Amino acid sequence: MTLASAHVAGVGMVRFGKHPVSVTLEDLGEQAARSALAEAGAASAQVDAVFVGHVFGGPVAGQRIAVRLGLDGKPVSNHENYCASGATAIREAWTALAAGLHDVVLVIGVEKMTDRISGGVRPDPNDLDAAVGYVMAAGHAMSARRYMADHGATREQIAMVAVKNHAHSVHNPFAQYQRAISLDEVLQARQIAEPLGLLDCSPISDGAAAMVLCSPRGAQRLGLAAGAPRVLGCALVSGSVERAGESINAERVSRNAAEQAWRLTGVDPADIDVVEMHDCFTIAEIVRLEGLGLVPVGEGARWTAEGHTSLGGRLPVNPSGGLLSRGHPVGATGVAQAVELTWQLRGSAGGRQVENARVGLAYCKGGTVSGTDGGSVTTLVMAR
Amino acid sequence: MAPSTELPPFRAGLFQLDPFALLGTRCTACGEAGFPARSFCAGCRADGDAIVPATFAERGEVVSFTVVRQAPAGVEVPYVLARVLVDEGPRVMAQIVGAASTEVEIGDRVRVVPAVFPSADGSDRAGFAFQIEQEENA
């Protein structure tokens with residue numbers, strides 16, 4: 001089954017990072033949306049609907065942003081799938097366009113975290129995971145320890161994910177961190193959940209990203225020139241109950257998401273030129289690439305250390321800096337990944353441009369549910 | 001008996017007290033264990049009468065572990081969190097109590113013991129943890 005693709009008419013972003021308390025969630029969302037609307041040349045009257053991804057914005061945050069943009073009265077929906085919220089909003093927008101329900105839609109991913117979250121995000125307090133003291137870093141730390149034991153990978157190889165992604169975002173003016181870091185800095189950083197330290201973890205961030213998506217009819221309405229990047233499709237799967245005997249790094253959820261993405265879009269994994277990967281923790285980038293089938297199982301750490309996932313390597317991953325260095329305002333991340341792919345596919349990514357990027361994939365993973373291999377996973381495929 | 005067993009349980013049906021053991025389900029079609037109890041089999045997807053109550057072994061093996069050194073406000077650190085494969089049973093995540101982190105290794109033998117869980121309303125509840133079986137790992 002292949003649905004019609006959605007054209008990207010415009011994108012916008014607010015630099016990720018720590019914004020003052022006086023800058024509200026609504027401010028961030030509005031600013032990113034205005035940039036995207038301006039680039040698309042879309043007046044508010046030309047926008048049919050608004051899809052907003054956020055986690056901590058509170059009830060009807062999307063409507064609070066839309067009304068500032070003169071989009072009051074339009075259909076506005078709020079999408080929560082934890083760290084995959086923004087990507088889920090894109091998926092819903094894409095399906096609404098493909099169904100013919102709307103022709104021009106605005107997608108916003110937005111989060112204001114630094115004034116309300118400290119020490120890391122945690123599972124729902126009623127979930128058994130919360131009761132045993134699970135925090136996101138702990139799950140990834142156990143994954144890392146087991147990965148090293150199973151594949152002979154080293155702590156240094158895993159840390160190289162952070163070194164690589166920070167090196168990439170030196171060239172990204174929208175990244176929270178725009179400074180290269182050394183392997184030693186990663187290894188010497190304060191321990192969070194052994195063996196992972198502070199620089200193995202994505203930061204707590206504020207930020208927003210937005211895009212105007214349209215159907216062919218909407219492209220006509222906006223006078224969009226031919227050749228704009230397109231969203232070919234976005235798969236969504238949930239984690240399933242883990243088997244007692246399977247590896248804790250089995251990544252069945254990633255494999256399922258990949259298979260669904262190839263089926264939905266007709267794209268072959270060998271076609272992927274660039275990946276925006278949900279590297280909420282260093283090890284996560286490695287095991288998820290393997291789960292997707294883009295890197296052989298057990299070789300991701302070595303690939304990273306040898307530069308195969310760096311700019312100029314055989315499969316550049318996170319030219320934006322990823323969550324580790326661009327920052328991770330959770331509801332905004334999925335949209336920011338799609339904005340980065342848009343720039344990559346337009347060839348306008350400057351010093352972090354992946355040469356001749358034609359097809360890109362973005363992966364988000366949101367939340368945990370006790371006993372399963374995850375909450376939600378999205379795999380977004382875009383092409384020029 | 002540890003005082004934690006006098007608290008109300010975090011959730012009914014997670015464990016029995018004497019002897020202390022985790023409770024769940026077993027699929028009679030393929031043998032897969034379910035913890036907490038589930039109405040279906042995660043392996044062969046059987047449900048209904050194929051799923052029966054099960055009491056799991058007290059011992060298991062550490063699949064992986066970490067020492068948590070930073071947690072959200074109100075949670076005391078450090079603590080050791082592990083994923084344990086219970087003998088012929090489910091894979092369970094819980095803390096390892098009574099051991100310094102440097103004493104834990106993948107493959108260590110552990111035993112399930114009563115412990116205190118925090119609950120959503122902030123009160124203490126009865127829960128479970130694992131303890132290293134020193135003699136078996138010597």
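Throughout, protein chains are lettered first and strands after them, A, B, ... in sequence-line order, and every chain is numbered starting at 1. Owing to the predicted nature of the structure, the values given are computational and were not obtained by experimental measurement.
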*If every non-hydrogen atom of A/M142 is compared with every non-hydrogen atom of B/S64, which pair is closest and at what distance?*
O-OG, 2.7 Å
*Select one option (side chain, backbone, both, neither) describing which atoms of B/I106 are under 4.5 Å from chain A's heavy atoms.*
side chain
*Is it the backbone or the side chain of B/F10 that comes under 4.5 Å from a heavy atom of chain A, or both, or neither?*
side chain
*asked:* If you define the side chain from C-beta out and look only at heavy atoms, does anything of A/Q191 sit under 4.5 Å from B/V67?
replied: no
*Heavy atoms only, distances under 4.5 angstrom: which of A/I248, A/D129, A/L198, A/V135 has the most pairs with chain B? Name it, please.*
A/I248
*So which of B/L85, B/V92, B/T66 has the biggest tally of heavy-atom pairs under 4.5 Å with chain A?*
B/T66
*Tell me, side chain or backbone of A/L196 under 4.5 Å from chain B's heavy atoms, or both, or neither?*
neither
*Using a cut-off of under 4.5 Å on heavy-atom pairs, state which of A/P195, A/A138, A/A244, A/G245 scores highest against chain B.*
A/A244
_Considering all heavy atoms, the nearest A/E242-B/A42 contact_ = O-CB, 4.4 Å
*Indicate the atoms forming the closest heavy-atom contact of A/N126 with B/R11, along with that distance.*
O-NH2, 3.1 Å
_Could you check whether atom CD of B/E88 has more than 12 heavy atoms from other residues, nucleotides or ligands sitting under 6.0 Å from it?_
no
*Count the heavy-atom pairs under 4.5 Å between each of A/A141, A/G133, A/A193, A/A131 and chain B, then report the option with the highest count.*
A/A131
*Of the non-hydrogen atoms in A/R243 and B/R91, which two are nearest, and what is the gap between them?*
O-NH1, 3.9 Å
_Heavy-atom pairs under 4.5 Å with chain A, option from B/G43, B/P90, B/A33, B/A94 with the top count_ = B/G43
*Does CD belonging to B/Q16 count more than 12 external heavy atoms closer than 6.0 Å?*
yes
*Which heavy atom of B/F65 sits nearest a heavy atom of A/R145, and at what distance?*
O-NE, 2.6 Å
*Side chain, backbone, both or neither: which part of A/A149 has a non-hydrogen atom closer than 4.5 Å to chain B?*
side chain
_Proximity breakdown for B/P36 and chain A, heavy-atom pairs closer than 4.5 Å_ = side chain
_Is it the case that atom CG in B/D121 sees more than 12 heavy atoms from other parts of the structure closer than 6.0 Å?_
yes
*So which part of B/V75 gets closer than 4.5 Å to some heavy atom of chain A, the side chain, the backbone, both or neither?*
side chain
_If I measure from the heavy atoms of chain A, does B/P118 come under 4.5 Å with its side chain, its backbone, both, or neither?_
both
*Look at A/D127, A/I117, A/L128 and state which one has the largest set of heavy-atom pairs under 4.5 Å with chain B.*
A/L128
*Checking A/S370 against chain B: side chain, backbone, both or neither under 4.5 Å from a heavy atom?*
backbone
_B/A129 versus chain A, the contacting section by heavy-atom distance below 4.5 Å_ = neither
